[in-house]
Every structure is written in C-alpha cells, then in structure tokens.
Peer 1: 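Starting off with a structure, shown below.
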Amino acid sequence: MDLDAVKHRMAEEIDRRADLLLDVSHRIHAEPELNFEEHHAHDLLCDLLEREGLATERRAHGLDTAFVATAGTSGPTVAVCLEYDALPGIGHACGHNIIAAAGLGAGLAAAAVADTCGGRVAIVGTPAEEGGGGKVLQIRAGAFAGVDAAMMVHPAGADLRGMDTVAIHRCLATYRGESAHAAAAPERGRNALDAAVLGYVNVAALRQHIGPAERIHGVFTEGGDKPNIVPSRAQMEWYVRSPTVAGLQVLKERVIACLEAGATASGCDLELDWLEPPYADMVPVQTFCDLYVANAAALGREVLAPDPDNRVVGSTDMGDVSYEVPSIHPMIQAADPGTAIHTEAFAAFAAGPLGDRAVVDGAKAMAWTVADLWMQPGLLDAITAEHREQVAARR
Ligand SMILES: [Zn+2]
Ligand SMILES: [Zn+2]
C-alpha cells in the first residue's frame with residue numbers, strides 16, 4: 001500500500017467508528033473527573049482498546065488512571081497521548097474529552113495499518129494534566145523510552161500550530177518569626193508578615209527587570225490572626241514562569257533571593273516548598289508540525305501560527321514530553337473564535353457540534369501524521385535531528 005492508500009484506509013477506519021468516538025467524547029464529558037481520579041475514563045477507554053484487540057496495560061506507569069495500548073511489531077514507535085481529566089467546578093472546560101476521543105480514533109486507525117506500514121503505535125493514557133503533572137510522572141516511569149515521536153491535539157477556539165507555552169514552577173513560601181504582644185512587648189517579636197511583605201515588594205521590584213515573556217505572581221495565603229499579636233507565621237503561594245526550563249531555573253534563583261531578603265531583614269526564617277512537578281515549555285519541531293498542518297489542510301482546516309491576537313498561552317505537561325521525544329501539541333478549533341479554554345462556555349462547546357467535528361478531524365489529521373512518520377523515507381531522522389538541535393539550543 002502506498003501512503004495515499006494508507007491514509008484513505010485510516011480515514012475509513014475513523015469514519016466507521018465516528019459514532020463510537022463521539023459517544024466516548026460525550027460520556028467522558030458527562031462525567032468530569034479530577035486529577036488522578038479519572039477511573040471512569042480510564043476504564044471506558046481501556047475496555048474499548050481491549051475490545052479492538054490491542055494489547056492494553058491498565059494502571060500503567062505506577063498510576064491508577066494511566067494506561068498504554070500498543071499495536072505493530074516492528075518499525076518506529078509513535079505515541080498518541082490521550083488526556084481525560086477535568087477542572088474543578090467547570091467540568092470539561094479544557095475539552096480533554098475531545099483529546100481522548102480524537103487520540104483514540106487516531107490510535108485505532110494507526111493500529112489497523114501498523115503491520116502493513118511497518119510501524120508501531122502506542123496509545124498512551126495520560127492523566128492529571130491540570131496541575132497533577134501526570135506525564136512528568138510517566139516520563140520518570142519510562143513511559144516514553146523507546147518512543148520516536150509523540151503527538152496530541154488540544155481543543156481551542158482556533159486551529160493553531162501550537163500553544164504558546166511557558167515553563168512554570170509553583171512554590172509555597174512560609175515565613176516563621178516570633179509572636180509577641182504587639183503593644184506590650186513588640187521588641188520581643190519577629191514579624192513573619194513583615195518578612196512576607198518585604199519579600200513580596202522585592203519581587204515586585206524584580207518584575208521590572210525580567211524577560212518580557214516571564215511572569216511572577218504571588219498571593220498571601222496566611223498573614224497572622226489578630227493585629228495585637230505579632231504574626232509568627234505567614235505564607236505566600238507563588239507561580240514563576242519563563243519561556244524555557246533553563247530560563248526558569250535562573251528566574252527562580254532571583255525570586256528566591258528576593259524572598260530570602262525579606263526574611264533576613266525581619267529576622268525570620270523562610271522555608272520554600274517547590275510544588276512538584278514543574279511543567280516544561282514545548283520544544284518546537286517545525287518539520288513535524290508541518291506534517292500535521294498539511295494533513296489538517298486536507299480536511300479543510302487552516303492551521304495558523306499563533307499571533308498576539310490569536311493564541312492560547314498556558315502551560316502543559318506535554319512540554320516535558322517534548323524534551324524527551326519530538327512532539328507536537330497543535331490546537332484544533334472546537335469552539336467559536338475567541339472562546340477561551342477554562343470557561344463554562346468552552347465546556348458547552350466541548351460536547352457540541354464543533355467539538356464533535358474536532359474529534360473526527362483531529363483523529364484523521366493525527367492518524368495521517370503517524371502514517372507520514374512511518375512511511376516517508378528519512379522524515380523521522382530529519383525530525384529527530386531538528387529536535388536534538390532545538391533541545392540543545394534551549395539548555
Ligand atoms: Zn486546561
Ligand atoms: Zn487542557
């Protein structure tokens with residue numbers, strides 16, 4: 001079979017299962033599950049993969065709601081990542097039900113032709129993207145060892161080549177001082193709230209001298225109990241973001257210096273608790289992304305480069321995967337233009353006609369991209385080389 005025939009066959013495999021894929025999307029949407037609690041989605045997807053005859057490992061990589069299903073016996077391995085976690089309060093407002101159903105469709109279409117094409121596919125269920133860092137934990141457990149390339153689509157209000165990702169690390173800063181009667185014996189006190197306020201002001205000054213795409217945001221979560229007691233404890237939560245993980249390391253050191261200076265000035269102690277795991281930025285691999293863009297174009301979708309008026313800014317644990325293996329994370333239109341993810345409006349679109357179209361088109365565009373990687377001579381080598389260069393440039 002030549003590449004065109006393979007792609008035609010893959011589209012048939014997806015069209016034949018369109019009702020099934022939309023049912024999966026709607027059922028996951030109707031039962032939103034939070035980080036690491038996605039048992040319904042895990043079981044639903046694993047049951048289907050097993051029924052389709054794929055070797056499926058449930059509760060993979062040491063996580064109760066991760067899985068991996070594989071097909072193909074030789075050749076390069078392409079991973080399709082399926083997210084299925086939801087947000088507290090607003091359900092599938094990030095549309096991960098679409099990611100799961102589109103990835104399932106792409107994976108099953110690839111599995112149907114894997115041996116014909118001489119390729120392997122891994123359908124990887126990746127829980128807890130919304131703050132849990134499921135993929136970071138899966139990488140540590142070896143989930144992407146032996147994988148040559150990885151992909152997913154993420155729904156949005158537009159078709160875009162990617163998300164404008166930033167690396168992020170979150171931190172709890174706890175200051176401890178000495179309590180004292182604020183009026184009777186203030187000289188005995190060491191004011192932890194003062195320490196926190198000074199630290200905050202230092203970071204505010206730092207903000208003027210950081211990169212244009214870097215962000216530092218903090219809130220006070222504890223600041224004393226009563227004005228007549230010198231606060232012995234104060235706490236802040238900080239988000240530190242930078243375009244790359246390497247830049248994030250440097251920025252974190254500067255933030256730490258600001259926060260420590262507050263403790264020094266007020267005679268208090270500071271404890272920093274960096275909340276694991278941090279999320280890396282996405283390493284761009286244009287040659288790889290071009291394949292997806294061309295395949296989406298064949299479905300009538302014009303996939304644009306993000307610009308300041310048309311982009312999605314955020315962080316994703318797919319960034320960490322992108323440092324391990326060449327990866328793409330294109331955005332697929334599943335809502336009216338301008339609809340932001342993480343809103344109730346987006347949650348409604350995620351189970352509506354635009355969301356459904358994104359499931360079927362996303363499945364095809366990804367499946368065809370898998371076929372390109374498997375069958376176009378030299379392509380995967382070129383992508384691997386570009387990826388290596390990009391990672392080196394970011395270190
Ligand atoms: Zn999200
Ligand atoms: Zn998301």
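Nothing fancy with the numbering, it's 1 onward along the sequence. Quick caveat, the model's predicted, so the values are computed rather than measured.
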Peer 1: More than 12 heavy atoms of other residues, nucleotides or ligands under 6.0 Å from CZ of Arg188: is that the case?
Peer 2: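 Counting neighbours around CZ of Arg188, 12 or fewer heavy atoms of other residues, nucleotides or ligands fall under 6.0 Å, so no.
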Peer 1: Is there a donor-acceptor pair closer than 3.5 Å between any side-chain N or O of Asn202 and the backbone N or O of Leu198?
Peer 2: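 It does hold such a pair.
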Peer 1: When clusters are formed by joining ILVMFWY residues with side-chain heavy atoms under 4.5 Å apart, either directly or through shared neighbours, do Tyr292 and Val80 land in the same one?
Peer 2: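 Yes; tracing contacts between hydrophobic side chains, which count when under 4.5 Å, links both residues.
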Peer 1: For the backbone of Arg59 and the side chain of His42, can you confirm whether one donor and one acceptor N or O come within less than 3.5 Å of each other?
Peer 2: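 Indeed, once roles are kept as given, a pair shorter than 3.5 Å links the two residues.
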Peer 1: So which pairs with a foot in residues 277-286 pass side-chain hydrogen bond (donor to acceptor under 3.5 Å, both in side chains), sequence neighbours left out?
Peer 2: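 Sorted result for residues 277-286: Arg161-Gln286, Asp281-Tyr323, Asp281-Arg394.
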Peer 1: Going from CD on Glu52 to CG on Leu108, what distance comes out if it is rounded to the nearest 0.5 angstrom?
Peer 2: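 One gets 4.5 Å once the value is rounded to the nearest 0.5 Å.
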Peer 1: To the nearest 0.5 Å, what is the distance between CG on Leu3 and CE on Met375?
Peer 2: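 Reported to 0.5 Å precision, the distance equals 5.5 Å.
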Peer 1: Would you compute the distance between atom OG1 of Thr369 and atom CH2 of Trp374 and round it to the nearest 0.5 angstrom?
Peer 2: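 Reported value, rounded in 0.5 Å steps: 12.0 Å.
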Peer 1: Looking only at the side chains, is there a donor atom on one of Glu130 and His342 sitting less than 3.5 Å from an acceptor on the other?
Peer 2: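 Short answer, yes.
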Peer 1: Report the residues that fulfil ring pair (Phe, Tyr, Trp, His ring centres under 6.0 Å) with His329, sequence neighbours left out, ordered by chain and then residue number.
Peer 2: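 If we apply the ring pair (Phe, Tyr, Trp, His ring centres under 6.0 Å) test to His329, skipping adjacent residues, the hits are His154.
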Peer 1: Looking at Trp274, does the NZ or CZ of Lys252 lie under 6.0 angstrom from its six-membered ring centre and within 45 degrees of the ring axis?
Peer 2: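 Judged by the rule (NZ or CZ under 6.0 Å from the ring centre, within 45° of its axis), Lys252 counts as positioned above Trp274.
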Peer 1: Let me see the working for His61 and Val124 under side-chain contact (heavy atoms from CB on, under 4.5 Å), right down to the final yes or no.
Peer 2: CA-CA 10 Å; His61 316 129; Val124 188; 4.3 Å; yes
Peer 1: State whether a side-chain donor-acceptor pair under 3.5 Å links Glu83 with Thr126.
Peer 2: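 Short answer, no.
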Peer 1: Got a list of side-chain donor-acceptor pairs under 3.5 Å for residues 345-354, not counting sequence neighbours?
Peer 2:
none

Peer 1: What residues, two or more places apart in sequence or in another chain, satisfy side-chain hydrogen bond (donor to acceptor under 3.5 Å, both in side chains) together with Arg9?
Peer 2: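 Partners of Arg9 under the side-chain hydrogen bond (donor to acceptor under 3.5 Å, both in side chains) test: Glu13.
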Peer 1: Could you tell me if Asp356 and His26 have a donor-acceptor pair between their side chains, going purely by distance under 3.5 Å?
Peer 2: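 Looking only at side-chain atoms, Asp356 and His26 do form a donor-acceptor pair, the distance falling under 3.5 Å.
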Peer 1: Quick check for you: to the nearest 0.5 Å, what is the distance between Asp320 atom CG and Lys135 atom NZ?
Peer 2: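 Nearest 0.5 Å value for the CG-NZ distance: 9.0 Å.
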Peer 1: Can you confirm whether His39 is buried at NE2, in the sense that more than 12 heavy atoms of other residues, nucleotides or ligands lie under 6.0 Å from that atom?
Peer 2: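 Yes, enclosed.
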Peer 1: Could you work out, with side chain to side chain contact (heavy atoms under 4.5 Å, CB included) as the rule, every residue matching Ser322, not counting sequence neighbours?
Peer 2: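 Once residues adjacent in sequence are excluded, the partners of Ser322 under the side chain to side chain contact (heavy atoms under 4.5 Å, CB included) criterion are Met282, Val283, Ser327.
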Peer 1: Decide whether Glu214 and Ser242 meet the rule of one side-chain donor and one side-chain acceptor closer than 3.5 Å.
Peer 2: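 Per modelled atom types, Glu214 and Ser242 side chains form a pair under 3.5 Å.
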Peer 1: Other residues, nucleotides and ligands only: do more than 12 of their heavy atoms fall within 6.0 Å of CD on Glu178?
Peer 2: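 No, because the 6.0 Å sphere around CD of Glu178 holds 12 heavy atoms or fewer from other groups.
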Peer 1: State, without any angle test, whether Asp148 and Thr384 hold a side-chain donor-acceptor pair at a distance under 3.5 Å.
Peer 2: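 No pair is found: no donor N or O on one side chain lies under 3.5 Å from an acceptor on the other.
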Peer 1: Look up atom OG1 in Thr287 and atom CG in Asp290, then write down how far apart they are to the nearest 0.5 Å.
Peer 2: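 It is 6.0 Å, given to the nearest 0.5 Å.
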Peer 1: Group every Ile, Leu, Val, Met, Phe, Trp and Tyr by side-chain heavy-atom contacts under 4.5 Å, then state whether Met318 and Phe36 land in the same group.
Peer 2: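 No; Phe36 is not reachable from Met318 via cluster members.
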Peer 1: For the CZ atom of Arg254 and the CG atom of Leu259, what is their distance to the nearest 0.5 Å?
Peer 2: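 Arg254 atom CZ to Leu259 atom CG measures 13.0 Å (nearest 0.5 Å).
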Peer 1: Check the pair Met10, Lys364 against side-chain contact (heavy atoms from CB on, under 4.5 Å), reporting the backbone distance first and the verdict last.
Peer 2: CA-CA 7 Å; Met10 285 173 141; Lys364 287 180 187 171; over 6 Å; no
Peer 1: Closer than 3.5 angstrom, by distance alone: can the side chain of Arg301 be matched with the main-chain N or O of Asn295 as a donor-acceptor pair?
Peer 2: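 Absent.
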Peer 1: Test Asp47 against Arg51 for salt bridge (charged side-chain N to carboxylate O under 4.0 Å, His left out), laying out the working first.
Peer 2: CA-CA 6 Å; Asp47 288 351; Arg51 210 175 306 145; 5.2 Å; no
Peer 1: Does Asp225, at its CG atom, have more than 12 non-hydrogen atoms belonging to other residues, nucleotides or ligands within less than 6.0 Å?
Peer 2: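 12 or below, so no.
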Peer 1: Are more than 12 heavy atoms from other residues, nucleotides or ligands located less than 6.0 Å from atom CG of Asp2?
Peer 2: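 More than 12 within 6.0 Å, yes.
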Peer 1: Sort and list the pairs that fulfil side-chain hydrogen bond (donor to acceptor under 3.5 Å, both in side chains) and have at least one residue in residues 259-273, not counting sequence neighbours.
Peer 2: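 Checked against side-chain hydrogen bond (donor to acceptor under 3.5 Å, both in side chains) - neighbours excluded - the pairs reaching residues 259-273 are Arg176-Glu271.
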